[in-house]
Amino acid sequence: MSHYKELKKITTHTLIEMKQNGEKISMLTAYDFTLAQIIDGAGIDIILVGDSASNVMAGHISTLPITLDQMIYHAQSVTRGVSRALVVCDMPFGSYQGDSKNALNSSIKIMKEAGAHAVKLEGGFEVVDSVKRILTAGIPVMGHLGLTPQSIFKFGTYNVRAKEEKEADKLIHDAKLLEEAGCFALVLEKIPAKLAETVAKSLTIPVIGIGAGGGVDGQVLVLHDMLGMTKEFNPRFLRRYLNLNDEITKAVGRYIHDVKSMDFPNEKEQY
Ligand code: KIV
């Protein structure tokens, strides 16, 4: 049972306290008002307006095409539906890399226009300047290491990252750098469980995993995947809690049947 369920608002400080108290942190993505309101009401700790919206909402094959304004549109819809969870908005590809001034401006735009509580960006030492500069504006930053989807064309595949010592060492180093720079939390995606546990134990900030095993401080999944709305995406780490794709298909099939057979609307369903 959560000691934090009755809490009116989750903050970055609550999350650090949760880590210290050994309470696991729950995090899911959302991109719209209705689902954000439902998962906030269910008691989720963090809602990530992920740039996975590029795949899930817009049907792109990668996260690269989504724009800053599109992320802000999704984040605005989410924040309208949330009263308790911490809302973190992904900084999209091209809005922070290689130019810390651009990173600062993008993050300010997200906070000002979307009402998000924090931003997330991908990468280690390459983006530390951007992290530090965003923090100068008082904006909390979540890091993201391991399989960072904005670098998919560099990686070439969605396979597990940091299996080799050299990449694992770099990841450990990057995690430390991000903590020292002032990140309040870190996402680790699709890396060996042992490595993720080592990183989580070596940091004081919470480490949230996706495909990174159970030795970290919390878990995140893409909402549409865990609800079984997406069918083609079947990584080992994904646990499906519903099969909404089949349920929706059946419901729509019944509706089509009722319309065609003139069963809908009936006497009681009209004025
Ligand atoms: O965009 C996203 O959904 C993410 C999660 C996979 C962590 O970054």
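In each ligand, atom 1 is the first atom listed, and ligand 1 is the first ligand listed. As the structure is a computational prediction, the values presented were derived from the model and not from experiment.
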Note: ligand 1 atoms sitting under 4.0 Å from heavy atoms of H144 are 8 (O)

Under-4.0 Å salt bridge between K176 and E179: yes

In terms of side-chain geometry, is the basic nitrogen of K170 or E126 positioned less than 4.0 Å from the acidic oxygen of its partner? yes

Only heavy atoms of V222, strictly under 4.0 Å: list the atoms of ligand 1 that pass. 3 (O)

Of the backbone atoms (N, CA, C, O) and the side-chain heavy atoms from C-beta on, which set of L48 has a member under 4.0 Å from an atom of ligand 1: side chain, backbone, both, or neither? side chain

Judged by non-hydrogen atoms, does K120 sit under 4.0 Å from ligand 1? yes

So that I can tick it off, tell me whether K120 and D51 are bridged by a salt bridge, with the cut-off set at under 4.0 angstrom between side-chain N and carboxylate O. no

Can you see whether D225 engages T230 through a side-chain donor-acceptor pair at a distance of less than 3.5 angstrom? yes

Classify the contact between D51 and ligand 1 as side chain, backbone, both or neither, using a heavy-atom distance cut-off of under 4.0 Å. both

May I ask you to check whether D90 has an N/O atom sitting below 3.5 Å from an N/O atom of ligand 1? yes

Out of curiosity, is E122 lining ligand 1, as in a heavy atom under 4.0 Å away? no

Presence of salt bridge, K194 and E197, under 4.0 angstrom: no

Between the NE2 atom in H257 and the CG atom in D263, the distance rounded to the nearest 0.5 Å is 7.5 Å

Can you list the ligand 1 atoms lying under 4.0 Å from a non-hydrogen atom of T29? 3 (O)

Y31 and H74 aromatic ring geometry - parallel, tilted or perpendicular at 30°/60° bounds: perpendicular

Of the protein's non-hydrogen atoms, which lies at the shortest distance from atom 2 (C) of ligand 1, and what is that distance? S52 OG, 3.3 Å

Going by distance alone, is a donor N or O of one side chain under 3.5 Å from an acceptor N or O of the other, for R133 and N102? no

Just which atoms of ligand 1 are under 4.0 Å from any heavy atom in I210? 6 (C)

When only distance counts, is Y31 in polar contact with ligand 1, meaning an N/O pair under 3.5 Å? no

